[in-house]
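We're numbering straight along the sequence, starting at 1. Note: hydrogens, waters and symmetry copies are ignored here, and every other heavy atom, side chains too, is used.
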Amino acid sequence: MAGTIRAQNTGSTIPVNVGVILDFDDWVGRMWLSCINMSLVDFYAAHGHYKTRLFLHARDSKNDVIGAAAAATDLITNVGALAIIGPTTSRQANFVIELGEKAQVPIISFTASVPSLTSIKRPYFFRSTETDKTQVKAIAAIVQNFGWREAVPYVDDDYGVGILPYLVASLQAVDTNVPHQSAISPWASDADILEELYKLKTMQTRVFIVHMLPSLGTRLFTKAKEAGMMDIGYVWIMTDGMTNLLNLLNDSDIDSMQGVLGVRPYIPKTKELKDFRLRWKRKLHRDHPNMVDADLDIYGWLAYDATMALAMAVEQVAGTTTNLGIKEANVSSNLVRLETVGVSKNGHKLSQALSSISFKGLTGDFRFVNQQLQSSAIQIVNINGVVEAKGIGFWTPTKGIFKRWKFNSTTSASSTSQSKLATIMWPGEPTSVPKGWEIPTNGTKLRIGVPVKDGFTEFVKVTRNPKTNATKVTGYCIDVFNAVMDRLPYDVSYDYVPFVNSEGESAGTYNDLIYQVYLGKFDAVVGDVTILANRSNYVDFAMPYSESGISMVVPVKDTKNDNALIFLKPFKLDLWVTTLCSFVIIGFVVWVLEHRINKDFRGPPSQQAGTSLWFAFSTIVFSQREKVINNLARIVVIIWSLVVLIITQSYTASLSSLLTVQQLQPAITDITELIRNREVVGYHKDSFVKDILRGLGFQDFQLLSYTSPQECDELLSKGSQNGGVAAVFDQFPAVKLILARNCSNYTSIEARTFMSRFPNQKNISSNIQQFKTGGFGFAFPLGSPLVPDVSRAILKVTEDEDDMMGRIEDEWLSAKSICAAHTNSFSSSSLGVSSFWVLFAITGGTSLLALTTYITMFVHQHWEDLRPYDSMWGRIVNLFRIFNQKDSKWHTFRKSEANNGDNLSDHSYGERQAASSALHEGSVENVDLNPTEQANKDVATFNIDIEPTNPNQVMPTSTGIYHGTN
C-alpha cells in the first residue's frame, strides 16, 4: 500500500524511505547491504545537523528477474520508496528501470554494467559502476598490443550475453576476428562445460575472453585445466565480472587460474579505503564471529559511495519541499498491479540533485556524467600465485595501455611505458608471449588447394597414379611453399588437394579457387596465383615470393643491315640538334673573343664566318689550325674539347653496339600499333590479363588464349595474319619460362616501353600501373594467424645464405634457359640530351661567363670613346665600329711592329696598291695600309685635299701624310 511520509513541523528529522533490491541467497548480497548500512551511519555521523534520514527497506530478488520486479513494485507501491538501490544483474535492472521510469523513482545500480541499459534516454536510471563499453575497449587494446588476430568470447548466457555485441565490435575495430562465440548456461553440468571446451580446443584460436560470475567461472577454469587448456600457448582474459571478486575465491580456484589476465576498474589504495576495510572487518567479526576469511570487493565500495550520493541528494531536495512521498494512484482492489503504481512527487528533483552530486568517495572522485559514473582507469592484472593478483599495467581511453600510474597536481596519470606491460606469467608458466593460435589438435591437416592445368606445369603439376589413385603435386610453387613451411617455428601438417570436379578436370578459374578459401573448403591456396586487390576482399595473402608485373612477348628480327641511316641512330634527334647548335655557339663565342686580337679571325665577313665554323667543327677530330690567343677563349675551347671527346666516344660506343652486339630487335614495341592495326594478341587462359587488354581497347576477336609455352610458341610463330598472334601478354615468371624455351625467337618488352605512346598520356602512370601486379602469393582465410608467420618465413627463404630460392628457380625455371642474356627487356638504345645535359650546361655556362666578362671589360676600356655620343644608338654603332678594329695594344701586334722597325716593306703589295689607289682617287676615308699601323696611336693615315692658290699651279689630288715611324 502506498505510503506518504511528511516532515514534522516540530523540527525533528524527516524519514525518507529507500528501497534496496539484492540477491541475499549468497554472502555477496549481504556483504553489499552491510556496506550500504555503514555508508548511512558514517554519513549521518558526519552530518548530524541534516534534517533527513534514509530508512532502508531491503528486498530479496531471489536471483530472479520476476522476483526483482515484484520487489520493486512492492517498494514503490506499498513502501513509497523515494529511490531504489539495486538490483544485482543487468537483466533484473532492465525491468526495474522501467518501473522507475513509470513512477519517476530513481534507480541506482552499482552492479548492472550492460551498455544497452542506457541505449535510450532514461532520466531516472543512474549507473554507479563502469559500463562494459569501457572494459571491452581495454580488452581489445590488450589483444591488439600482443598482435593476436583472433579471439573467442566465452560468456555466461544469463549474465554475459549483453556484452557480446560490444565486445565483438571492439575486437573487430582492432582487426581481430571473432570466429566463434561460446555461451554456456550457469546451470550447465561439468560434462557440458568440458564438451564446449573440447570444441574450442579443436579450433586454431587460443585467445579466450571470459565474461561470467565466479560461480560459473571457477568451474570453467577447473575444467579447462583438466582439458589441458591452461598449458603453454593458451591465453585467457577475464572481465571484471570475475576480476572484481578474486578476493572471494579460495586457493584451489585461484590455482586453476594461473597465468590468466584480468581487467577491473582501478581503485587507488587510499587511507580512507584502508580505514573502511578495517572497520568493516571489525563489524563483521562482531556480528558474525565465525566468518574469518570474508573480505570486501569493489562492488561493496561502490555501494558505499552510491548510498552516500543518494543521502546527499535527498538532503538537497528536502531543502526545497516538505513532501517527500509518492502520489497515490487509483486502486480498485488490494492486488498490486502495474497500473496502480503511483508517481513520485519529487522524483524529478531528486534526479537533478543526483546529477549534480560530486564528492571524494572510497573509489575516488564520485560524479555522474550523463547519469553514468565518471570513467576511471582500467587496471590490468595477472594471476601469478595464490596471493592477490599482480597489477601489470593500466588502460585509459586517452592514453591506451601503459605500465605505471602516477599522481601529480596537473594530470591524473602519467606513463613511463606506453607500449608494454610488466612481466607476465602466462598459462604453463612461460614468460614469452603466446602467438594466440595453434594448429588444431583434432588430428586433421590443413587442406591446401592447388590448381590443375594442362600447361605451365613447371609452376604446379598434379599427377595421379591410376593404380593407387594417389595424387602427387610438384612444381616451383610447391617447392617454395614446402621450404617456407619448413622455416616456421612450429610444425604444420598439410595435404595438397587438387581443385578438380568429379571428372578429374579443373573445377574453375583461379578466382573460383580463391573463393573456395573464403567458403572454408580450403585452408589455403598454393600455386601461380597472383596477388590482386579484388582477391584480397576474400582472402589474406602472404607477402609475394616472385617478381611482379606483366610484360609483352614479341618476335625479334635482324635489323643489322636493314637501315642505311643507322649511323644516325646512336643519337636521338634532340641530341643531334643540341650538338649542332652547340658547335655554332662555340664558334661564335671564340670569334667574339679572338676577332680584335687574332688575324686568323679577321678579314671579309664570309671569311670570318667560315673560319669560326671551321674552327668549331674541327674540334671533333682536334684538327683546328688556328691559334687561340685570348685566355678566356682558351678556357672555353678546353671545356668544349672535353665535351666533344665524351660525345664522340659515346657515339662510337653506341654505334658499335648497334652494328655488332644488338642485331636482334623486337618486331613490335608499341601497343597502340597492335590496337590500330587490329592485330591479334595472346594471353594466358583464365588469366586476369584478358580484362586489362579489353580495358585498353582490344576487341574480343583480337584476343586469343594459350595454355602452355608450346602453344604460345606456335601462335607467335604463325603471326597474326595466319591464325596466330602478333604478341602475348603474361606475368614475369611465365614470360621468363617462355623465353627460356624460345629465347632466340622472342623477347620481352616492359610496360613502360610498350605503353609510352598510348593515346591517353595524361593518365600514362595509371595505364602503366595496370601492368604492375603483386606477384605470386599464398592465399589464406581472412584474418588467418598463419599469414604473418608465413610472410616472415618467405623472407627467411629469400634471404637464405645458401640461396635456396635461387636453387629452386634453377631447377624449375632458369635451368632450361640457354640464353639468359636475351631475357632482358628491350628499351630505346639511342642517347638523348638527358644523358649529357650536365655537360651542355657546363659548356653553356662557361661560354656565357667568358662572353659576359669580355664584353664588360671591352665596354669599360672604351667608355671614354662613347661619351661624346648622346644617343644610345650612336654609342652602340660606335662600339661596334671600335670592336671591328684591331686592338693595337695587344702584345702580338706590338711584337710584329718591333720586328718590322721603320721598314714598310712588310706591307703586302695589295695593301700598298690599295693605298696608292686611294691617294690618286682623292678619297677622304682612312686607308687600311697595315693592320698594325691603323691600330697604333703613333701612326695615323689621313688624306688632305689641297686647293692651289694659283689656278695655273698643278697640285696632286690627295696627299697621304704619315706620322711617326711610317
| note | Value for CG (Asp574) from OG (Ser834), rounded to nearest 0.5 Å, stands at 7.0 Å
| message | Tell me whether the count of non-hydrogen atoms from other residues, nucleotides or ligands lying under 6.0 Å of CD in Glu673 goes above 12. | response | yes
| message | Looking at Trp640, is its backbone amide N or carbonyl O close enough to the side chain of Thr843 to form a donor-acceptor pair, meaning the two atoms are under 3.5 Å apart? | response | no
| field | Donor-acceptor pair, side chain of Thr846 and main chain of Val636, under 3.5 angstrom | value | no
| field | Test applied, side-chain contact (heavy atoms from CB on, under 4.5 Å); reference residue, Thr652; option that passes from Ser654, Ser656, Ser650 | value | Ser656
| query | How far apart are the closest heavy atoms of Gly697 and Ile675, and which atoms are they? | reply | O-CG2, 4.2 Å
| query | Between Tyr545 and Tyr476, which heavy-atom pair has the shortest distance, and what is it? | reply | O-OH, 3.8 Å
| task | Enter the distance from Glu594:CD to Asn630:CG here, rounded to the nearest 0.5 Å. | result | 5.5 Å
| Ignoring hydrogens and geometry, is there a side-chain-to-backbone donor-acceptor pair from Ser748 to Val553 under 3.5 Å? | no
| field | Steps toward side chain to side chain contact (heavy atoms under 4.5 Å, CB included) verdict (Ile671, Phe729) | value | CA-CA 11 Å; Ile671 195 172; Phe729 295 84; 3.9 Å; yes
| query | Any side-chain heavy atom of Arg807 within less than 4.5 Å of one from Asp802? | reply | yes
| Got a sec: does the CH2 of Trp837 have more than 12 other heavy atoms crowding it under 6.0 Å? | no
| query | Thr773 versus Phe688: any side-chain heavy-atom pair under 4.5 Å? | reply | yes
| field | Spacing of CH2 belonging to Trp873 relative to CD1 belonging to Ile876, to within rounding of 0.5 Å | value | 6.5 Å
| remark: Residues pairing under salt bridge (Lys or Arg N to Asp or Glu O under 4.0 Å) where one sits in residues 708-722, two or more places apart or in two chains, turn out to be none
| Are any of the side-chain heavy atoms of Thr457 and Trp812 separated by less than 4.5 Å? | no
| Nearest heavy atoms of Val589 and Ser847, plus distance in Å | CG2-CB, 4.1 Å
| Between CG on residue Leu839 and CD1 on residue Ile646, distance to nearest 0.5 Å | 4.5 Å
| query | Would you say the side-chain atoms of Arg535 pair up with the backbone N or O of Thr530, donor to acceptor, closer than 3.5 Å? | reply | yes
| task | Evaluate the side-chain proximity of Leu532 to Phe541: yes if any heavy-atom separation is below 4.5 Å, no if none is. | result | no
| said: Looking at every heavy atom in both Val460 and Pro451, which two are closest together, and how far apart are they? | reply: CG1-O, 3.7 Å
| request: Could you tell me whether the side chain of Ser546 and the main chain of Gly775 form a donor-acceptor pair under 3.5 Å? | output: no
| field | Heavy-atom pair with the smallest gap, counting every atom of Gly723 and Leu715 | value | O-CD2, 4.1 Å
| task | Take Met552 and Val681 through the test side chain to side chain contact (heavy atoms under 4.5 Å, CB included) and record every step on the way to the result. | result | CA-CA 10 Å; Met552 180 173 71; Val681 298; over 6 Å; no
| query | Does Arg678 CZ have over 12 foreign heavy atoms under 6.0 Å away? | reply | no
| task | For residues Leu831 and Tyr651, determine if any side-chain heavy atom of one lies less than 4.5 Å from a side-chain heavy atom of the other. | result | no
| query | Checking side chain to side chain donor-acceptor pair (under 3.5 Å) for the pair Tyr706/Ser687: CA distance, chi angles, key distance, verdict? | reply | CA-CA 10 Å; Tyr706 56 88; Ser687 172; over 6 Å; no
| query | Between Thr578 and Phe836, is any pair of side-chain heavy atoms under 4.5 Å apart? | reply | no
| Chi angles and distances behind the salt bridge (Lys or Arg N to Asp or Glu O under 4.0 Å) call for Lys685, Asp454 | CA-CA 10 Å; Lys685 184 179 180 182; Asp454 298 329; over 6 Å; no
| Rounded to the nearest 0.5 Å, how far apart are CG of Leu693 and CG of Leu703? | 6.0 Å
| query | Within a reach of under 6.0 Å around CZ of Phe701, are more than 12 heavy atoms found that belong to other residues, nucleotides or ligands? | reply | yes
| request: For Val725 and Leu716, run side chain to side chain contact (heavy atoms under 4.5 Å, CB included): C-alpha distance rounded to whole Å, both residues' side-chain angles, the deciding distance at 0.1 Å, then the answer. | output: CA-CA 5 Å; Val725 296; Leu716 287 170; 3.7 Å; yes
| query | Can you tell if the side chain of Pro709 reaches within under 4.5 Å of the side chain of Phe456, non-hydrogen atoms only? | reply | yes
| request: Just do the side chain to side chain contact (heavy atoms under 4.5 Å, CB included) check on Ile586 and Phe615 with the steps written out, would you? | output: CA-CA 9 Å; Ile586 292 299; Phe615 177 84; 5.6 Å; no
| So, Ser536 side chain and Ala533 main chain: donor-acceptor pair closer than 3.5 Å or not? | yes
| Interatomic spacing from CG in Leu645 to OG in Ser641 - rounded to 0.5 Å | 9.0 Å
I'd like a table of donor-acceptor pairs (distance under 3.5 Å, sequence neighbours excluded) in which one partner is a side-chain atom from residues 848-855, with atom names and distances.
from: Thr852; atom 1: OG1; to: Leu848; atom 2: O; distance (Å): 2.7
from: Thr853; atom 1: OG1; to: Leu849; atom 2: O; distance (Å): 2.7

| said: For a quick test of reading the model, state the closest non-hydrogen atom pair linking Pro733 to Glu547 and the distance between them. | reply: CD-O, 3.9 Å
| query | Are any of the side-chain heavy atoms of Ile585 and Phe588 separated by less than 4.5 Å? | reply | no
